[in-house]
Amino acid sequence: MDSGKVVITGSSSGIGKAIVKKFLDDGYNVEGIDLAKDGPFLHRNYKHHQLDVTEFYQLESLLTNIKYSSENNVLVNCAGTREICPIDELTLSLWEKVFSVNVTASFLSGKSFCQNIIKRKLNGSVINIASVSGVMGEPNRTAYVSSKHAVLGLTKQLALEYGSYNVRVNAIAPGIIRTPLTESYYHDECQLEKIYRGQFLSSLGMLEDVAHAAFFLASKDAGFITGATLVIDGSWTIGKDL
């Protein structure tokens, strides 16, 4: 049974890989886009595209030529990058690189996806993977924090522009999620203490938490939700222990 088509950028590792698995498990055909040569799974319903999302013309061409579904179509913008350095060391080229991946690629893919499904009179929605860094500041991540704030603004704007065509656009803002990128945190007592001190739930954020949220936002159960940001952070952003 064809549940629909989902296109996922940043599909080969971390949150993107977990989202691929969730949609495959629920019967979707998945097309993944990633810098990695190989996809995350060998599966009959998975097709891999090795592509740098900052190759903008190629990205738009790919989204134009994809075979979309008559059931449900989903774009998940998960590809992202970050810098960790003091603002005094943040160069213009690094700033532009972070924005190219996190914002410009999401803008172009989101716009192209929406236009293509509207032209074909199909159903669809977009999910942008942002971050709690899109709603608060963070030391030594000026470009990353700024870009994730921009992703939330982009989400609202795409939702506004395409809502009249029944295309929904939402964002997910994860907190600290256990991924290959953050794995070192979980072997460092000081880092773990910071994580637990920053949230009011005793559990830790897992990949499946974000994947299940993405699946919900793509479903009919979320049919009246658009322009929203679903924060998945174990309460990281609700306040602080004084």
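Basis for what follows: all heavy atoms, side chains included, without hydrogens, waters or symmetry-related copies. These numbers come from a predicted model, not from an experiment.
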Practice task
Answer yes or no: are there more than 12 heavy-atom neighbours, outside Ile87 itself, under 6.0 Å from its atom CD1?
Solution key: no

Problem - Close side-chain approach of Pro40 to Tyr46, heavy-atom, < 4.5 Å - result: yes

Handout entry: Residues forming a side-chain contact (heavy atoms from CB on, under 4.5 Å) with Asp233, sequence neighbours excluded
Key = Val132, Val231, Trp236, Thr237

Exercise for the section: On the 0 to 90° scale, with breaks at 30° and 60°, tag the Phe99-Trp95 ring pair as parallel, tilted or perpendicular. Expected result: parallel

Problem - Any donor-acceptor N/O pair, Tyr186 side chain to Gln191 backbone, under 3.5 Å - result: no

Practice task
Could you tell me whether a side-chain N or O of Asn170 sits under 3.5 Å from a main-chain N or O of Ala228, the two making a donor and an acceptor?
Solution key: yes

Exercise for the section: Report yes if the side chains of Cys114 and Leu158 come closer than 4.5 Å at any heavy-atom pair, otherwise no. Expected result: no

Problem - Ser106 side chain to Asn128 side chain, donor-acceptor N/O pair below 3.5 angstrom - result: no

Problem - Donor-acceptor contact present, side-chain Ser3 to main-chain Asp26, <3.5 Å - result: yes

Problem - Side-chain donor or acceptor of Ser112 paired with backbone N/O of Leu108 under 3.5 Å - result: no

Handout entry: Asn123 side chain reached by Asn166 side chain, heavy atoms, under 4.5 Å
Key = no

Exercise for the section: Mark yes when over 12 heavy atoms from residues, nucleotides or ligands other than Phe200 sit less than 6.0 Å from its CZ; otherwise mark no. Expected result: yes

Practice task
Classify the side-chain pair Asp188/Ser184 by whether it contains a donor and acceptor separated by less than 3.5 Å.
Solution key: no

Handout entry: Donor-acceptor pair, side chain of Ser147 and main chain of Val103, under 3.5 angstrom
Key = no

Problem - Backbone of Ala218 reached by a side-chain donor or acceptor of Asn72 within 3.5 Å - result: yes

Handout entry: Working for side chain to side chain contact (heavy atoms under 4.5 Å, CB included), residues Gln115 and Tyr162
Key = CA-CA 9 Å; Gln115 290 176 334; Tyr162 292 114; 3.7 Å; yes

Handout entry: Arg141/Glu83 ion pair, N-O < 4.0 Å
Key = no

